[in-house]
Amino acid sequence: MPDYKPTLNLPRTDFAMKANLAQNEPLSQRRWDGCGLYERLTAARSAAPRFVFHDGPPYANGAIHTGHLLNKVLKDIVVRSRLLVGKACPFVPGWDCHGLPIEHRVMSGLVESGRIERLAALDEDARRVAVRNECARYAQKHIALHIATLRRLLTIADYEHPYLTMDPAYEAGALGLFAELVERGLVFRQLKPVHWSPANRTALAEAELEYEEREDPSIYVDFEAEDRAAVERAFGVELDTTPSFMIWTTTPWTLPANLAIAVNARHRYALVEIDGSTTVIASDLVDRVAAAAKAEKVARLAETTGSALLGLGYRHPFIERSGRIVAAEYVTLEDGTGLVHTAPGHGEDDWRTGLREGLEIYCPVDEAGRYDETAPSFLRGVEVWTANDLVIERLRESGHLFHAARIVHSYPHDWRGRTPTIFRATEQWFVGVDRSVDAGAAGGGEGSSGTLRERALEAIGSSVRFVPEWGRNRMRGMLESRPDWCISRQRAWGLPIPAFRLPDGGVFMTAASVRAVAAAVAARGSDAWFREDPETLLATYEPSSDPHAPPGLKVGALRKMHDIFDVWFESGASWQAVLRGRELGFPADLYLEGSDQHRGWFQASLLPALGSVGAAPYRTLVTHGFIVDKEGRKMSKSLGNALDVEDLLRDFGADVCRWWVSSLAYENDIRLDLEFLRLAGESYRKVRNTLRFLLSNLDDLPQDDRAEAPDPRSIDGWILGETARVQRTVLDAYERFEFRTAHLAIFDFCNETLSATYCAAVKDRLYCDRRDAPRRRRTQRAMREILHVLCRLLAPILPHTADEAYRALIRDAEACVHEQVVRPIDHAQEPGWSAVLAARAAAQKSLEAAKADGIENPLDAMVVLPDPEGRLEAFLPELADLLGVSRVALDRAAQRVAVVDLRDQPRCERSWRRDGTVRARSDGGLLSDRDAEAVGVT
RNA sequence: GGGCUAGUAGCUCAGAUGGCUAGAGCGCACCCCUGAUAAGGGUGAGGUCGGCAGUUCGAGUCUGCCCUGGCCCA
């Protein structure tokens with residue numbers, strides 16, 4: 001029997017089945033970098049419609065983690081899908097460089113290495129510059145690491161020219177924006193309590209605190225009511241003595257700053273007689289207080305609600321001053337008395353309450369932790385820690401001390417000296433959200449007036465698109481309740497707030513002076529603030545032309561102040577410093593970040609933009625969720641369930657990671673486990689093998705082969721119609737940021753439409769038809785067209801694989817799919833195909849059932865399809881291939897599919913089909929007519 | 001404690017305006033192919049739709065409460 005295998009047109013391609021991504025992807029990356037792909041695209045699309053997509057700056061610290069992977073891959077799919085439709089999509093990656101985490105790290109390093117001692121010899125400014133240099137180096141190092149990994153992730157961006165918030169041009173942009181806000185009257189100074197280290201005379205951030213056990217006094221204090229009758233009315237009783245309000249505190253030293261007592265309006269409060277004193281305590285806490293004080297006689301006289309107590313007055317126990325009862329939600333029944341001593345200068349909650357109630361933010365404690373001149377005489381000059389006992393003694397003497405004990409509790413300490421810290425009100429800079437924007441100020445600013453809050457609510461309510469839509473509601477809630485924005489920090493590593501101290505103790509900073517400093521910073525970086533004197537910094541400032549300059553201002557008499565900006569202010573200025581500064585376009589079409597940025601960067605960007613240009617800096621906000629582990633728990637290093645991105649790239653490859661990302665419902669939490677990536681890898685291989693099968697059958701198709709579109713009733717006409725449909729679906733999904741829909745459409749197309757249906761059906765003609773048979777060529781041309789479409793549609797998700805396949809397709813190793821634009825493809829769908837596919841499904845079930853009768857191979861069968869309306873007739877030439885059987889017949893009278901056993905009929909030794917034409921040929925083999933013709937025998 | 005959000009087969013997800021025996025892919029099981037071969041094809045088994053009440057002729061889909069996660073606040 002002749003061996004016919006060599007006469008077949010079997011598949012051939014260099015496109016390997018095994019992707020070897022970890023090894024080959026870096027080669028792709030190098031090839032793209034080598035040809036300057038980003039720059040080439042920028043140049044090629046310079047006149048094209050632009051999609052302005054602005055990157056939010058990750059913090060320049062640590063390594064790229066899985067959250068970055070998610071974020072940056074989603075962004076890259078956006079960029080590449082816009083490039084695919086011919087748009088220009090400049091994408092400048094950014095890094096947030098300043099801030100405490102880096103400064104903290106650097107300081108720890110300096111302490112450990114002992115170099116901190118050497119810095120101590122320097123003056124204040126020189127020390128700051130030295131620390132800043134270290135910080136800058138640290139940031140730079142991590143940015144380089146980030147970029148390397150992001151490149152390895154196959155993201156396309158202007159990595160040669162990233163924006164760094166520590167670059168002079170950026171800093172100047174941020175200061176310019178700040179000047180606008182100053183000009184519009186949105187920036188002001190106000191006291192606010194911060195964590196303070198009396199030992200080091202410095203403000204501390206939350207991260208610089210270490211909580212340690214500490215023993216403190218625990219005292220219950222009676223604050224005498226001012227108006228007995230009012231209390232009687234509140235409780236509906238008559239009394240023969242003036243009652244008091246009982247508070248509990250562990251910081252007696254803050255009592256001199258007491259200005260109010262807070263209650264929870266919803267709780268119940270009791271008027272009690274307890275060991276001789278008549279006082280008010282939360283009903284649920286009476287027993288607890290009595291037990292703590294070992295009180296013997298406790299009698300409840302009456303009860304009322306917290307709201308009934310609001311507004312009642314009391315006398316301060318040792319200062320000539322009155323206070324009143326105010327409401328606060330944070331008052332709980334956990335401990336104490338349910339009445340909270342409130343000192344707006346000594347606590348964050350107290351401060352908020354104070355602002356709301358219009359209380360003074362009073363803080364009689366200086367930076368060394370000693371009372372100032374405003375304190376009562378027995379405390380002046382005394383350290384707060386010593387004051388505790390003095391205060392207690394004074395309360396005891398005057399009969400206001402109900403009970404005193406000691407308590408061991410967790411208390412914040414300065415991370416360096418391990419000394420206890422206090423809350424102390426200091427002057428801070430704020431951007432006011434409820435101040436009306438001074439629209440008349442020079443420089444304009446469109447839009448109506450209104451406050452930042454009003455403008456923000458309006459912007460996100462109408463002019464910004466949210467994906468997912470619920471982001472709008474979430475952000476609205478946050479904007480409605482957000483406080484004024486405290487933009488100052490007392491650190492070294494940051495952008496200085498360019499304010500000066502006047503000789504009279506006042507503060508000098510105007511829009512014009514900020515702009516002058518911005519010019520200096522633009523030229524010499526923000527280190528200039530620490531290196532230069534006020535005259536140099538304000539070289540371009542002219543007091544006589546600044547209407548806001550204080551009279552008689554002498555620049556030489558100014559002293560620099562040393563607050564720096566909150567890093568959120570800096571990153572929030574990116575639209576100004578980058579989009580406008582580099583003329584990339586404003587506002588941005590898109591910001592895409594994790595949903596935590598509804599409070600963070602989105603707001604930090606929105607508020608200043610509304611305050612200066614009067615418009616939101618973005619048109620659309622897309623947010624994604626957070627990576628969690630297999631069980632849905634937060635992923636973190638400390639929990640030990642974090643996955644390393646470098647490991648993932650090595651073990652799975654960037655394309656597989658990206659394929660996984662594209663499959664996600666990214667707006668929710670995202671579970672990640674090695675198992676999921678393994679599954680993504682399998683589905684990736686399905687796509688890859690489909691590409692490979694298509695490519696491997698084009699080996700002999702002449703490059704210049706062209707022909708008219710195939711008959712829509714042919715299988716090739718059908719597949720081209722399907723291809724067009726998939727392209728529409730995928731492009732539409734990309735457009736709407738529904739990458740998952742694109743992923744599914746592509747996968748389903750590769751898996752079902754192509755691999756299981758089309759490719760299986762056309763194998764026979766590809767392998768067995770004469771090489772240049774019209775039917776075979778028609779299929780090859782269809783496959784080539786499919787590949788052109790598929791490579792492009794895959795390019796945003798699988799940059800390496802799509803490019804690899806594309807280069808194999810057009811047989812040009814230098815080609816690049818990423819420079820290609822989507823192909824117009826318009827093939828009509830022949831409506832009869834749905835009946836054909838339904839018949840195919842029915843036939844497959846019948847064939848499966850026929851296995852029981854011994855017909856295990858479909859090529860041993862003929863299928864008779866019922867065709868009552870004759871709808872299948874036009875497709876008859878393709879039906880046998882489509883069903884994978886040897887023959888198909890149609891029967892108008894039949895009700896159901898019939899499978900006919902052909903095993904007694906001769907089988908073609910070349911095509912293995914029993915199509916009824918098989919007979920012995922001149923070469924001695926058994927062949928069908930088609931195969932005899934292909935081999936050239938008779 | 002508050003705002004937003006999620007909980008549907010082992011896994012990832014679909015399931016406008018409430019309406020037939022709740023869908024898809026992967027995985028799994030069984031079978032076929034051995035001319036896509038560390039590939040390919042077919043068939044099939046898997047779910048009390050987080051829990052408990054309620055509204056309704058009828059609820060995965062509406063309401064309330066609860067449980068378990070996530071983000072942001074307090």
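This one's a predicted model, so the numbers in the text were calculated from it and none came from an experiment. Letters go in sequence order (proteins before strands), and every chain restarts at 1.
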For this session: Might you work through the side-chain contact (heavy atoms from CB on, under 4.5 Å) test for A:Arg907 and A:Val918, ending with a clear yes or no?
Result: CA-CA 7 Å; A:Arg907 174 177 186 262; A:Val918 181; 6.0 Å; no
Problem set entry | Pair listing, side-chain hydrogen bond (donor to acceptor under 3.5 Å, both in side chains) test, anchored in residues 347-357 of chain A, at least two apart | A:Arg324-A:Glu357, A:Tyr330-A:Thr353, A:Glu348-A:Arg352
Exercise. B:G70, B:G25, B:A36: which one has an atom nearest the side-chain heavy atoms of A:Tyr767?
Worked result: B:A36
Problem set entry | Aromatic stack A:Phe693/B:A39: centroid gap under 5.5 Å, interplanar angle under 30° | no
Exercise. Counting any heavy atom closer than 4.0 Å, what does A:Leu8 reach on the DNA or RNA strands: base, sugar-phosphate only, or nothing?
Worked result: base
Exercise. What about A:Asp748, does its side chain sit under 3.5 Å from the base of B:G25 through a donor-acceptor pair?
Worked result: no
N/O-N/O pairs, protein side and nucleotides 60-68 of chain B side, under 3.5 Å:
none

Problem set entry | Syn/anti state for B:G60 [syn: chi within 90° of 0] | anti
For this session: Respond yes when some side-chain nitrogen or oxygen of A:Asn857 is under 4.0 Å from OP1 or OP2 of B:G42, and no when none is.
Result: no
Problem set entry | Residues which pass salt bridge (charged side-chain N to carboxylate O under 4.0 Å, His left out) with A:Arg840, listed by chain and number, not counting sequence neighbours | none
Where do N or O atoms of nucleotides 72-74 of chain B meet protein N or O atoms at under 3.5 Å, pair by pair?
| from | atom 1 | to | atom 2 | distance (Å) |
| --- | --- | --- | --- | --- |
| B:C72 | O2' | A:Arg599 | NE | 2.5 |
| B:C73 | O5' | A:Arg599 | NE | 3.3 |
| B:A74 | OP1 | A:Arg352 | NH2 | 3.3 |

Problem set entry | All side-chain contact (heavy atoms from CB on, under 4.5 Å) counterparts of A:Asp923, not counting sequence neighbours | A:Pro2, A:Tyr4, A:Arg921, A:Leu927, A:Val937
Exercise. Counting just side-chain N and O atoms, does A:Lys686 come under 4.0 Å of either OP1 or OP2 of B:A39?
Worked result: no
Problem set entry | Side chain A:Thr13 and base B:A36 donor-acceptor under 3.5 Å | no
Problem set entry | For A:Arg685, side-chain contact (heavy atoms from CB on, under 4.5 Å) partners two or more places apart | A:Glu682
Exercise. Between B:G70, B:C31, B:G25, which nucleotide gets closest to the side-chain atoms of A:Lys634?
Worked result: B:G70
For this session: Look at the side chain of A:Lys18 and the base of B:A38, then say whether one donor and one acceptor between them are separated by less than 3.5 Å.
Result: no
Exercise. Would a distance-only check, ignoring hydrogens and angles, find a side-chain to backbone donor-acceptor pair under 3.5 Å from A:Trp601 to A:Ser571?
Worked result: yes
For this session: Output yes when a side-chain donor or acceptor of A:Arg472 lies under 3.5 Å from a complementary backbone atom of A:Ile460, and no otherwise.
Result: yes
Exercise. Looking at A:Lys763, does any N or O in its side chain come under 4.0 Å of the phosphate oxygens OP1/OP2 on B:G40?
Worked result: no
For this session: Please determine if A:Glu848 and A:Lys851 form a salt bridge, counting it only when a charged side-chain N lies under 4.0 Å from a carboxylate O.
Result: yes
Problem set entry | Pair A:Phe652 and A:Trp660, ring centroids less than 6.0 Å apart | no
For this session: Look at the side-chain N and O atoms of A:Gln844 and state whether any lies under 4.0 Å from the OP1 or OP2 oxygen of B:G41.
Result: no
For this session: Tell me, please, which residues at least two apart from A:Thr7 pass side chain to side chain donor-acceptor pair (under 3.5 Å).
Result: A:Arg910
For this session: Could you tell me which residues satisfy ring pair (Phe, Tyr, Trp, His ring centres under 6.0 Å) with A:Tyr734, sequence neighbours excluded, listed by chain and number?
Result: none
For this session: Could you check whether A:Ala760 gets within reach of a base, just the sugar-phosphate, or nothing at all, counting any heavy atom under 4.0 Å?
Result: nothing
For this session: With sequence neighbours excluded, tell me which residues meet side chain to side chain donor-acceptor pair (under 3.5 Å) with A:Arg465.
Result: none
For this session: Go through residues 670-677 of chain A and report each residue with a non-hydrogen atom lying under 4.0 Å from RNA chain B, sorted by number.
Result: A:Arg671, A:Phe676
For this session: Let me know the distance between CG of A:Leu744 and C1' of B:A24, rounded to the nearest Å.
Result: 8 Å
Seminar exercise, completed: 5'-most contact on RNA chain B (nearest-nucleotide basis), A:Lys630 vs A:Glu856, goes to A:Lys630
Exercise. For the pair made of CG in A:Leu70 and C1' in B:C71, what is the distance, rounded to whole Å?
Worked result: 14 Å
Exercise. Quick check: does any side chain N or O of A:Arg784 sit under 3.5 Å from a backbone N or O of A:Leu701, one acting as donor and the other as acceptor?
Worked result: no
Exercise. Rounded to whole angstrom units, what separation is found between the CG atom of A:Leu859 and the C1' atom of B:U34?
Worked result: 13 Å
For this session: Find the distance A:Arg688:CZ to B:U37:P and express it as a whole number of Å.
Result: 13 Å
For this session: Could you run through RNA chain B and flag its stems, i.e. three or more consecutive Watson-Crick or G-U pairs with both distances under 3.5 Å?
Result: B:1-7 with B:67-73, B:10-13 with B:23-26, B:28-32 with B:40-44, B:50-54 with B:62-66
Exercise. Do any N or O atoms from the side chain of A:Asn24 and from the backbone of A:Ala19 form a donor-acceptor pair under 3.5 angstrom?
Worked result: yes
Exercise. Who pairs with A:Glu631 by side-chain contact (heavy atoms from CB on, under 4.5 Å), at least two apart in sequence or on another chain?
Worked result: A:Asp629, A:Arg633
Exercise. Taking OP1 and OP2 of B:C32, is either one under 4.0 Å from a side-chain nitrogen or oxygen of A:Lys851?
Worked result: no
